[in-house]
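Chain A is the first sequence line, chain B the second, and so forth, proteins listed ahead of strands; every chain is numbered from 1.
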2 protein chains.
Amino acid sequence: MRASDTAYAALRDDILQWRFPPGTAFAEVEQANRLSISRTPIREAFARLTAEGLLVALPGRGLVVSELSRSTIVELFELRIVIESEAARLVALRRDRDVFEQLRAEFADAAALLDNGDDLGEYYALVARLDAAMDEATNSRFLLGAIRQLRPHLVRARRLARDNHARLVAAAGEHLTIVEAIVDGDDQLAADATAVHLRKSLKNILDSVDGATTTTAMNNS
Amino acid sequence: MRASDTAYAALRDDILQWRFPPGTAFAEVEQANRLSISRTPIREAFARLTAEGLLVALPGRGLVVSELSRSTIVELFELRIVIESEAARLVALRRDRDVFEQLRAEFADAAALLDNGDDLGEYYALVARLDAAMDEATNSRFLLGAIRQLRPHLVRARRLARDNHARLVAAAGEHLTIVEAIVDGDDQLAADATAVHLRKSLKNILDSVDGATTTTAMNNS
DNA sequence: GACCGCAATTCTGTATACAGAATGAGGGGA
DNA sequence: TCCCCTCATTCTGTATACAGAATTGCGGTC
């Protein structure tokens, strides 16, 4: 693997896992020393992270980890809701029925995974498989590209949410509705059910954010 | 200005103006010599163009200018229609009324600009001002980012379209409907009128593409 | 005549040196 | 005591050298 890929992956993970909270300043030499590579691949990694919006260039102040304020999260979902709803609509029209039939069966049993003690790994893996199947079936490069662009920010946002058991059960039900609509080829239902799911997810995140009296992570600018 | 910015702007313009048609291979040394700078800023420019999707990395074959096939144009509009409709909806709710009142008056007189001989510069400038005002009023960073991501590809696609006078007059009317809806704060009309306008624009481009028996530019993969 | 292998050329990826710009601290003057 | 100017430090931007990988072309062999 190239050194620039390694640096990109390491820095990206550091940001997504909140090891570098918003506002952290990045300097080339510092990170080059830390990762034991030269400045050249670091520069490339910085460029990719800046293009993704995880880093922002403060004029005269270098690169800092971007903020993730309440309003940013709202704007994130303003875009996410419209494009993922449209993606779901297209998937309902274009999907391989067998693939989603299988996923439907798995989501029908998802409640068991959620009662599986504290190990939600299997459930999250199932959601990831659904996402991957939808990416595959969307078959629209720009739509997919826009979704991919949002994902790193969503990963950060999700860490602000408190997922309680009730919310997870509800979310699993929402997913099941979406998958059923896709299996049935009901594109309008797939789109609307996706919008419902995402609006509820947003509400859950915002409730967590607003409930938090003070965290270093939040910056309600 | 930085050398990497110069290189990026030059290469981007070369691609958008079809001086480098799809499939053209890019090598670092070659472009560094052509633009009389070293490979370092060229690498940064390549990275930005690749992130935008104007260049694609063919494994083992270097970077080439991305294709713009019929299906790519369709996929481009699949995304464009949903996000620009949503943007128009938000603008109708968030706009500064005076700004769009002014634009409404200008679009009401747009027919005169279109009869202004072959100089359509003023009309295109008016459309550009509308785009800028909408970008400003959208006030949603991710939505705006997604639109910006599409623009370079739209510039390329537009060069494939044959804009006849009738189409331009119709488009001006569609724009007027959109601006009126925004002035009135009618978000649903603004969204639907935008979708209508973009679907007609797509149809116009596809008619031009399909009408072209053979051009070196097209690659119907 | 065709296919396989080797060698040379070329390209990318990385490291590093150097120059110019900007920032921050420290000292001097008002 | 506060403000401004200057100098030093540090950072980014660029050039370039070097190494490893890959491709292409040529030659030999089957």
Side-chain angles (χ1 to χ4, degrees), chain A residues 1-16 19-67 145 148 152 216 219 221, chain B residues 1-15 19-67 145 148 152 219 221:
Chain A
M1 189 189 283
R2 294 179 301 181
S4 62
D5 290 337
T6 308
Y8 167 74
L11 293 169
R12 187 176 190 272
D13 196 56
D14 284 336
I15 295 169
L16 294 189
R19 284 190 289 272
F20 292 141
T24 307
F26 275 46
E28 294 177 3
V29 181
E30 176 190 357
Q31 295 302 319
N33 291 337
R34 188 174 73 95
L35 299 173
S36 302
I37 56 178
S38 78
R39 283 177 54 215
T40 307
I42 290 286
R43 284 179 70 82
E44 188 172 323
F46 280 9
R48 287 164 73 180
L49 294 167
T50 303
E52 279 188 307
L54 291 175
L55 295 182
V56 291
L58 258 61
R61 196 145 288 274
L63 295 170
V64 300
V65 178
S66 60
E67 296 294 337
R148 291 240 168 87
T216 55
N219 181 320
S221 63
Chain B
M1 187 190 286
R2 295 178 300 180
S4 61
D5 290 336
T6 309
Y8 167 73
L11 294 170
R12 187 175 189 273
D13 196 53
D14 284 336
I15 295 170
R19 284 189 288 272
F20 293 141
T24 307
F26 274 48
E28 294 176 3
V29 181
E30 177 192 356
Q31 295 302 320
N33 291 337
R34 188 174 75 95
L35 299 172
S36 301
I37 56 177
S38 76
R39 283 177 52 216
T40 306
I42 290 286
R43 287 180 68 83
E44 188 171 324
F46 280 10
R48 287 163 74 179
L49 293 167
T50 303
E52 278 187 308
L54 291 176
L55 294 182
V56 291
L58 258 61
R61 199 145 285 275
L63 295 170
V64 300
V65 178
S66 60
E67 296 294 337
R148 291 240 167 88
N219 179 320
S221 60

Atom-to-atom span, CD of B:Gln31 to C1' of C:dT10 - whole angstrom:
16 Å
Would you say A:Ser4 reaches C:dG13's phosphate, i.e. side-chain N/O to OP1/OP2 under 4.0 Å?
no
Can you measure B:Asn33 atom CG to D:dT16 atom P for me and round it to whole angstrom units?
11 Å
By nearest heavy atom, map B:Glu44 and B:Arg39 onto DNA chain D; which one lands nearer the 5' end?
B:Glu44
Whole-Å distance separating the CG atom of B:Leu63 from the P atom of C:dT10:
19 Å
Between C:dT14 (P) and A:Met1 (CE): distance, integer Å:
11 Å
Looking at the base of C:dT16, is there any donor atom on it, or on the side chain of A:Thr40, that sits under 3.5 Å from an acceptor on the other one?
yes
Whole angstrom value for the distance that separates P of D:dT14 from CD1 of B:Ile42
11 Å
Only pairs at least two apart or in different chains count here, so list each ring pair (Phe, Tyr, Trp, His ring centres under 6.0 Å) that has a residue in residues 37-62 of chain A.
A:Phe26-A:Phe46
Residue pair A:Ile42 / A:Glu30, side-chain heavy-atom distance below 4.5 Å
no
The side chain of B:Arg2 lies closest to which of these nucleotides: C:dG13, D:dT14, C:dA15?
D:dT14
Roughly, in whole Å, what's the span from CD in B:Glu30 to P in C:dT9?
20 Å
Measure CG/A:Leu35 against C1'/C:dA15 and give the value in whole Å, please.
15 Å
Calculate the interatomic distance between A:Arg43 atom CZ and C:dT16 atom C1'; express it in whole Å.
13 Å
Look at the side chain of B:Thr24 and the backbone N and O of B:Val65, then say whether any donor-acceptor pair between them is shorter than 3.5 Å.
no
Nearest to the side chain of B:Val29, which nucleotide is it out of C:dT14, C:dT12, D:dA15?
C:dT12
Does a side-chain heavy-atom distance below 4.5 Å link B:Leu54 with B:Arg48?
no
